[in-house]
Amino acid sequence: MRAIFGFSLAVVGFLGFCLPALAEDAPQRVITVGAPATEIVFALGAGDDVIAVDTTSTRPETVSSLPKVGYMRQLASEGIISLKPDLIVAVEKAGPEPVLKELSDLGIKIVTLPSLDQMENLPDAISIAAGALGRQDKAKELNAKIKSDIGGVSKLATENHPSIVFLMVVGHGKPLAAGNGTTAAEIIKLIGGRNSMDDVDGFKPVSSEIIAADASDYVLVTQSTIDQLGGMDGLKAHPVLGLNKAVANGHVLTVSSSTILGFGPSSASEIRALATSLHQQSQQAHLGQ
């Protein structure tokens, strides 16, 4: 009995010695680069360890008070080094590459997530980030919710496959439309639509003539575009977007800018809500015929 008791004390003592060491090994100063990377890290419960984010990161709202390290594709090493991070969690398109190499050569661990332009990569991205953060248990719970939400999208997707064009206002330049290989194209597919711009690749500026001639059933815009123009009335009054048939008819669907930048944990539920909205609008349009 004494032997068993002594062994138990030894095990407890060993664990007491090891746990502080494991805690010290976990990253304490994390920088996230890219909106979905930031959202993933916070959703995994590691938000308190984040010391800075890039300028595309807007979710959750608490990141607004954190220092910024610049735009995700135009990072500068000096500012990042001065923050003394022990881990950088970045999206696939982060860079430039020479800056990331310099940071890595200095011993800063960099974890790059797989492309988040495709929803199917989100569970892997979460698992990779969780591994670097020591949050594997949380990753299982988060991935289970996302898979449930994605499954819900497929059940809600409309079956009549309406044509949808994505349009976004960026500054004072020409509006952008979304072709193949974009998050917008992926969203349109997930909710059961057909991308009207599937003959081009990536995000492309489009002229007022193309927008006016477009005969899509619906237009998908970012909520920031709606806000920038002062709501739906402002969208309809826009000198270019207002020329679009779907805009004029009020057949407008909205999505957050964060999801257009890449799929994060909240994107699945957001797209599910978007599928519901499209389904309801499609039914109303059918009944009105």
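Starting from 1, each residue takes its place in the sequence as its number.
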Are [Y] and [X] co-members of a hydrophobic cluster defined by side-chain heavy atoms under 4.5 Å apart?
{"X": "Leu103", "Y": "Val89", "answer": "no"}
{"X": "Phe203", "Y": "Val221", "answer": "no"}
{"X": "Val206", "Y": "Leu220", "answer": "no"}
{"X": "Val240", "Y": "Met168", "answer": "no"}
{"X": "Val30", "Y": "Ile110", "answer": "no"}

Looking at [Y], is its backbone amide N or carbonyl O close enough to the side chain of [X] to form a donor-acceptor pair, meaning the two atoms are under 3.5 Å apart?
{"X": "Glu102", "Y": "Ser77", "result": "no"}
{"X": "Arg29", "Y": "Ile51", "result": "no"}
{"X": "Ser64", "Y": "Glu61", "result": "yes"}
{"X": "Ser104", "Y": "Leu100", "result": "no"}
{"X": "His161", "Y": "Gly193", "result": "no"}
{"X": "Thr56", "Y": "Ala35", "result": "yes"}

How far does [atom1] of [X] sit from [atom2] of [Y], to the nearest 0.5 angstrom?
{"X": "Ser207", "Y": "Leu243", "atom1": "OG", "atom2": "CG", "result": "10.5 Å"}
{"X": "Asn180", "Y": "Asn195", "atom1": "CG", "atom2": "CG", "result": "6.5 Å"}
{"X": "Asp137", "Y": "Glu141", "atom1": "CG", "atom2": "CD", "result": "9.5 Å"}
{"X": "Lys204", "Y": "Lys174", "atom1": "NZ", "atom2": "NZ", "result": "13.0 Å"}
{"X": "Asp217", "Y": "Ile164", "atom1": "CG", "atom2": "CD1", "result": "8.0 Å"}
{"X": "His279", "Y": "Lys155", "atom1": "NE2", "atom2": "NZ", "result": "14.0 Å"}

Around atom [atom1] of [X], are there more than 12 heavy atoms from other residues, nucleotides or ligands closer than 6.0 Å?
{"X": "Lys68", "atom1": "NZ", "result": "yes"}
{"X": "Asp105", "atom1": "CG", "result": "yes"}
{"X": "Asp199", "atom1": "CG", "result": "yes"}

Evaluate the side-chain proximity of [Y] to [X]: yes if any heavy-atom separation is below 4.5 Å, no if none is.
{"X": "Ile210", "Y": "Met197", "answer": "yes"}
{"X": "Thr225", "Y": "Leu241", "answer": "yes"}
{"X": "Asp49", "Y": "Pro27", "answer": "no"}
{"X": "Ser257", "Y": "Thr58", "answer": "no"}
{"X": "Val63", "Y": "Val50", "answer": "no"}
{"X": "Thr183", "Y": "Thr259", "answer": "no"}
{"X": "Ile40", "Y": "Pro265", "answer": "yes"}

So which atom in [X] and which in [Y] form the shortest heavy-atom distance, rounded to 0.1 Å?
{"X": "Asp149", "Y": "Ser269", "answer": "OD2-CB, 3.7 Å"}
{"X": "Ala43", "Y": "Lys138", "answer": "O-CE, 3.2 Å"}
{"X": "Ser196", "Y": "Ser163", "answer": "OG-CB, 3.6 Å"}
{"X": "Arg59", "Y": "Thr38", "answer": "O-CG2, 3.7 Å"}
{"X": "Tyr71", "Y": "Thr55", "answer": "CA-OG1, 3.3 Å"}
{"X": "Pro36", "Y": "Leu261", "answer": "CD-O, 4.4 Å"}

Scan the side chains in residues 184-191 for donor-acceptor partners under 3.5 Å anywhere in the protein, sequence neighbours excluded, and list what turns up.
{"unit_1": "Glu186", "atom_1": "OE1", "unit_2": "Lys189", "atom_2": "NZ", "d": "3.4"}
{"unit_1": "Glu186", "atom_1": "OE2", "unit_2": "Met119", "atom_2": "N", "d": "3.3"}

Can you tell me if Glu39 and Ser258 form a side-chain donor-acceptor pair at under 3.5 Å? no

Between the side chains of Asp227 and Ser224, is a donor N or O closer than 3.5 angstrom to an acceptor N or O? no

Using 30° and 60° as the class boundaries, would you call the ring planes of Tyr218 and His251 parallel, tilted or perpendicular? tilted

Leu253/Phe166 under side-chain contact (heavy atoms from CB on, under 4.5 Å): CA gap, chis, key distance, verdict: CA-CA 9 Å; Leu253 303 166; Phe166 172 83; over 6 Å; no

Any chance you could lay out the side-chain contact (heavy atoms from CB on, under 4.5 Å) test for Glu92 and Leu116, step after step, and finish with the verdict? CA-CA 8 Å; Glu92 179 198 36; Leu116 288 164; over 6 Å; no

Only one of [options] forms a side chain to side chain contact (heavy atoms under 4.5 Å, CB included) with [X], so which one is it?
{"X": "Ile126", "options": "Leu113, Asn121, Ile146", "answer": "Ile146"}
{"X": "Leu176", "options": "Thr222, Val170, Thr182", "answer": "Val170"}
{"X": "Leu75", "options": "Ile88, Ile80, Ile31", "answer": "Ile80"}

With side-chain contact (heavy atoms from CB on, under 4.5 Å) as the criterion, how do Lys245 and Asp214 come out once you've worked through the C-alpha distance, each side chain's angles and the decisive distance to 0.1 Å? CA-CA 7 Å; Lys245 170 191 168 185; Asp214 176 66; over 6 Å; no

Walk me through it: do Val111 and Leu133 pass the test side-chain contact (heavy atoms from CB on, under 4.5 Å)? CA-CA 10 Å; Val111 171; Leu133 296 163; over 6 Å; no

